[in-house]
Amino acid sequence: MKTLETLVPLEFTLEAVQEGRTGKPLLQAEGRLLGTAFVWRVEEMKHFKKTDEAHLLLQRDRGTHPLLLAAGYVAPEAAARLKEAGIQFVDTAGNAFINHPPVLIWTTGKKPAEKAPLPRTGRIFRGAGLKIVFTLLCRPELAGKPYRDIAETAGVALGTAANTMAGLAERGFIVQAHKREKKLVRREELFGQWAAAYAETLRQKLLLGRFHGEREWWKGLQLDTAAAQWGGEVAAWKLTGYLKPETATLYTNRNRIAELVVANKLKKDPRGNVEILDRFWMREKERQEDDTVHPFLVYADLLAIGDQRTMETAKVIYERQLTEYFRED
DNA sequence: GTCCATCTTCGGATATAGGT
DNA sequence: ACCTATATCCGAAGATGGAC
C-alpha cells in the first residue's frame with residue numbers, strides 16, 4: 001500500500017474486520033484515489049506464488065468489495081494473469097494493476113527492490129507436518145487422541161507427530177479445551193494454508209510415477225478402493241459433474257502400482273497425463289470408502305494444476321463439499 | 001509402590017537449500 | 001552440476017504421570 005501512495009495521490013485507512021464467525025480476520029482498506037472513494041479487501045502476501053494466484057481466483061467473487069493483492073513482488077507473467085482475471089495488485093517493487101474507474105493503473109517490469117527474505121514456513125507445513133495436518137483436518141477427533149494414533153494414521157514417526165502438534169498449538173490451531181482434551185480450531189484457515197503448501201511441496205514428493213493412458217480410459221472404470229482411489233481432475237469430475245479431465249490422478253499404495261499399471265494398460269511416460277501418487281495416510285478400516293479421495297485432497301490437487309478451468313471446479317467443491325468440515329462446535 | 005500408557009528427548013539418517 | 005551446511009524426520013530409549 002505504501003508503494004501505491006508513491007504512484008498516485010492516495011489517502012486510506014486500513015482496518016481488520018471479522019469475516020463470518022470462524023473466518024480469519026480480513027484486512028479492508030478504505031480511502032480516496034484521485035478523488036474517487038474506494039473500499040477494497042486486501043490480501044497480503046509477502047511471497048506471492050502460483051498457488052496464491054489460485055487462492056485469489058477463489059476469493060475474487062466472494063465478498064462485496066473488490067480485491068487488492070498487496071505482495072512483496074509480482075513477476076511480469078503473474079501480473080498479466082492477474083490483470084486478465086481482473087484482480088488488482090501492488091507490490092513493493094512498484095508494479096501495480098488498479099482498475100477503479102475512472103482510474104486505471106498498470107505498471108509492470110519493475111524488478112524487486114531486494115531479494116525476498118527467507119520464507120520460514122515452519123515445520124507444520126512441510127513434508128511430514130502436512131501429512132499430519134491433512135489427517136487432522138479429515139478426522140478432527142484425532143487431535144485429542146494419543147500421539148501414537150495420530151502418527152500411525154498420518155504415516156509419520158511418533159516424535160514428528162509430537163513436534164507438529166507443538167507447532168500447531170504454537171500457532172493457535174490446537175487449543176487445550178479441558179484438562180487433557182485438545183481441539184483443532186480455525187480449521188478453514190488451517191486448510192487454506194495446508195492446501196497451498198501441499199500443492200507446492202509435499203505433492204511432488206508423493207509422485208510415484210507418470211504414465212500415458214488411452215483416451216478417456218478412466219471413464220466408466222470401476223476402481224478397487226483397496227488398491228487405489230481417484231484424486232485430481234477425475235475425482236473432481238465425479239464429485240461435481242463439471243470439468244472435462246485432461247489429467248488423471250491416482251492415489252495408491254506403493255506395492256499396488258504394478259497391478260494398476262498392467263490392468264489399465266498404462267505406459268511409462270515422464271510427460272504423460274496420468275500421475276500415480278503415494279496414498280500415504282492410513283484409511284479407516286470400518287468405513288465404506290469412496291473411489292475418490294477426500295475432497296480436501298481433490299481440492300489441493302486442482303490447486304496444484306491451478307489454471308482457470310480447474311479453479312472454477314475447485315471453487316464448486318469448496319462451496320459444496322468443504323465448508324461443512326469447517327464447522328466447529 | 002508398581003504398572004502401563006503416553007509423552008519427550010535426542011543421535012543419526014536423510015532430504016533440502018545455498019553456494020560455487 | 002556438484003559439494004556443503006542446515007533443516008527435517010525417524011525411531012528407540014528414557015521420563016513422566018495417572019490408576020490401582
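Lettering of chains follows the sequences in order, A, B, ..., and the numbering in each one begins at 1.
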Any salt bridge linking A:Arg210 with A:Asp269? Criterion: basic side-chain nitrogen under 4.0 Å from a carboxylate oxygen. no

Restricting to non-hydrogen atoms, name the atom on A:Arg171 and the atom on A:Ile124 that form the minimum distance, rounded to 0.1 Å. CD-CD1, 3.3 Å

So, applying side chain to side chain contact (heavy atoms under 4.5 Å, CB included) with A:Trp40, which one of A:Ile98, A:Leu69, A:Leu67 is it? A:Ile98

Given atom CD of A:Glu152 and atom P of B:dC7, what is their separation to the nearest angstrom? 13 Å

Can you find a pair of side-chain heavy atoms, one from A:Glu233 and one from A:Leu243, that are under 4.5 Å apart? yes

Taking side-chain contact (heavy atoms from CB on, under 4.5 Å) as the test, write out the residues that go with A:Ala248, two or more places apart. A:Trp217, A:Trp218, A:Trp230, A:Val234, A:Val274

From B:dT8, B:dT6, C:dC9, pick the nucleotide closest to the side chain of A:Thr160? C:dC9

Taking NZ from A:Lys145 and P from B:dA5, how many angstroms apart are they, rounded to a whole number? 17 Å

For A:Glu84, I'd like to know if atom CD has over 12 heavy atoms of other residues, nucleotides or ligands within 6.0 Å. no

Rounded to whole Å, CD of A:Gln176 lies from P of B:dC7 at a distance of 11 Å

A:Tyr325 ring center near A:Phe191 ring center (under 6.0 Å): no

I need the CD1-C1' distance between A:Ile132 and C:dT8, as an integer number of Å. 12 Å

Can you tell me which nucleotide in C:dC9, B:dT8, B:dT6 comes closest to the side chain of A:Ala128? C:dC9

Could you state the CD1-C1' distance from A:Ile150 to C:dC10, rounded to the nearest angstrom? 17 Å

Between P on B:dC7 and CG on A:Asp149, what's the gap in Å once rounded to a whole number? 9 Å

Of the candidate nucleotides C:dC10, B:dT6, B:dT8, which contains the atom at the shortest distance from the side chain of A:Val156? C:dC10

Value in whole Å for how far the C1' atom of C:dT8 lies from CG of A:Leu158: 16 Å

Any protein N or O atoms within reach of nucleotides 10-17 of chain B? Criterion: under 3.5 Å, listing atom names and distances.
unit_1: B:dT16; atom_1: OP1; unit_2: A:Lys205; atom_2: NZ; d: 3.3

Give the nucleotide from the list C:dC9, C:dG11, B:dT8 with an atom nearest to the side chain of A:Ala157. C:dG11

A:Lys131 NZ - C:dC10 P separation (whole Å): 7 Å

